[in-house]
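These figures come from a predicted structure and were not determined experimentally.
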Amino acid sequence: MTTQLLRTLLATTLLTLAACQPSTGNGGLAQGINQAQKGLQKASEEMENARQEIAQAQHKLDTENMSLGDSRPGLPKAEVTPAGELLVDGKPVAMTPAQKALGLAYRTQLQGVASDGIAIGMEGARLGIDAAAAALKGLMNGDGGQAAGKQTEAIARERIQPQVARLCARLPALLQAQQAWAAAQPEFRPYATMDQSDVDDCKDKGIVNL
């Protein structure tokens with residue numbers, strides 16, 4: 001849903017940037033500007049759709065069950081409810097108040113990571129549109145949009161990297177919450193697949209693989 005919209009948006013932006021490359025002759029330049037303008041308009045429309053989808057996704061994070069371990073073959077589907085209750089194959093697992101508190105703590109940490117991930121995706125989409133607009137401006141000013149690439153790279157470091165760092169900083173608390181719940185809830189243990197390597201990969205390489 002949201003992921004597909006962001007992919008579409010970024011693909012449109014890439015097409016826009018491609019249209020902003022230097023062209024030979026006035027005819028090629030005019031055609032490039034025309035294509036870039038159309039691409040930028042399309043990207044802006046997709047951005048608005050993405051905003052709506054992301055608002056819906058954020059609402060679901062707050063109010064709906066969160067799936068666990070969907071990618072693991074052989075395990076029934078598991079979910080954690082907004083109250084911290086564990087569901088396995090659609091059925092509630094017996095839990096003590098202490099176990100529910102641990103489940104809620106884990107969900108809260110997971111929700112924070114997911115929200116940061118959504119924010120990074122949206123910022124990347126915004127950056128793509130900004131890059132397309134800068135390239136179009138450069139093309140119309142006669143520099144072929146070449147300066148926009150360097151400017152976009154600098155802006156990406158300034159705007160995206162701090163958000164990635166903030167997400168990565170959440171992972172130790174998420175791992176701790178997962179381990180605490182897994183230790184107290186045997187039914188959750190098969191779904192507790194995060195380990196220290198996930199924390200290290202995010203910190204050292206910017207890779208989030210949960």
Side-chain angles (χ1 to χ4, degrees), residues 1-7 50-127 156-210:
M1 182 181 62
T2 301
T3 302
Q4 184 58 44
L5 264 173
L6 289 173
R7 285 175 179 168
R51 285 193 185 99
Q52 296 176 14
E53 290 286 349
I54 286 175
Q56 294 176 11
Q58 189 65 57
H59 177 71
K60 288 184 176 183
L61 280 179
D62 297 336
T63 61
E64 296 187 5
N65 297 345
M66 298 181 71
S67 296
L68 305 173
D70 285 351
S71 61
R72 299 197 66 197
L75 282 177
K77 181 179 179 180
E79 299 172 291
V80 55
T81 72
E85 298 167 323
L86 179 63
L87 306 179
V88 176
D89 202 16
K91 301 175 182 178
V93 173
M95 300 176 70
T96 65
Q99 288 170 329
K100 287 183 181 179
L102 292 171
L104 181 58
Y106 173 76
R107 179 194 164 93
T108 300
Q109 294 296 333
L110 190 60
Q111 185 176 345
V113 171
S115 295
D116 279 355
I118 288 175
I120 291 170
M122 194 64 182
E123 189 61 43
R126 289 193 192 98
L127 181 63
R157 287 195 299 267
E158 180 181 342
R159 284 164 49 176
I160 301 295
Q161 288 185 354
Q163 294 193 41
V164 174
R166 182 165 59 248
L167 185 153
C168 293
R170 288 184 181 271
L171 297 190
L174 175 61
L175 178 59
Q176 184 178 6
Q178 176 199 263
Q179 291 173 332
W181 190 18
Q185 187 89 56
E187 297 88 349
F188 172 65
R189 288 172 196 162
Y191 303 94
T193 58
M194 181 184 179
D195 58 31
Q196 185 61 41
S197 68
D198 296 311
V199 178
D200 296 338
D201 284 345
C202 191
K203 179 181 177 181
D204 298 336
K205 305 174 185 177
I207 298 173
V208 182
N209 182 26
L210 302 180

Expected output: side-chain Asp89 to main-chain Lys91 donor-acceptor under 3.5 Å: no

Using the side-chain contact (heavy atoms from CB on, under 4.5 Å) criterion, which residues pair with [X]? Sequence neighbours excluded.
{"X": "Val80", "answer": "Met66, Leu68, Arg107, Trp181"}
{"X": "Ala165", "answer": "none"}
{"X": "Ala177", "answer": "Tyr106, Gln109"}

A side-chain contact here means heavy atoms from C-beta on lying under 4.5 Å apart; do [X] and [Y] qualify?
{"X": "Ile120", "Y": "Val164", "value": "yes"}
{"X": "Tyr191", "Y": "Pro76", "value": "yes"}
{"X": "Pro82", "Y": "Glu64", "value": "no"}
{"X": "Gln99", "Y": "Val93", "value": "no"}
{"X": "Leu110", "Y": "Gln178", "value": "no"}

Can you see which heavy atom on [X] is nearest to which on [Y], and at what distance?
{"X": "Glu79", "Y": "Asn65", "answer": "OE2-CB, 3.6 Å"}
{"X": "Pro92", "Y": "Leu87", "answer": "CA-CD2, 3.4 Å"}
{"X": "Leu86", "Y": "Ala78", "answer": "CD1-CB, 4.5 Å"}
{"X": "Leu171", "Y": "Cys202", "answer": "CD1-CB, 3.5 Å"}

Check the pair Val199 / Asp201 against side chain to side chain contact (heavy atoms under 4.5 Å, CB included), numbers first and verdict last. CA-CA 6 Å; Val199 178; Asp201 284 345; over 6 Å; no

From [atom1] ([X]) to [atom2] ([Y]), nearest 0.5 Å:
{"X": "Asp204", "Y": "Ser197", "atom1": "CG", "atom2": "OG", "value": "11.0 Å"}
{"X": "Lys100", "Y": "Thr81", "atom1": "NZ", "atom2": "OG1", "value": "8.0 Å"}
{"X": "Cys168", "Y": "Gln161", "atom1": "SG", "atom2": "CD", "value": "11.0 Å"}

Taken in chain and number order and not counting sequence neighbours, the residues that satisfy side-chain hydrogen bond (donor to acceptor under 3.5 Å, both in side chains) with Gln58 are Ser115

Non-neighbouring partners of Asp62 that pass side-chain hydrogen bond (donor to acceptor under 3.5 Å, both in side chains), sequence neighbours left out: Gln111

Quick test of your reading: applying salt bridge (Lys or Arg N to Asp or Glu O under 4.0 Å), list the pairs with at least one residue in residues 160-187, sequence neighbours left out, ordered by first then second residue. Asp116-Arg170

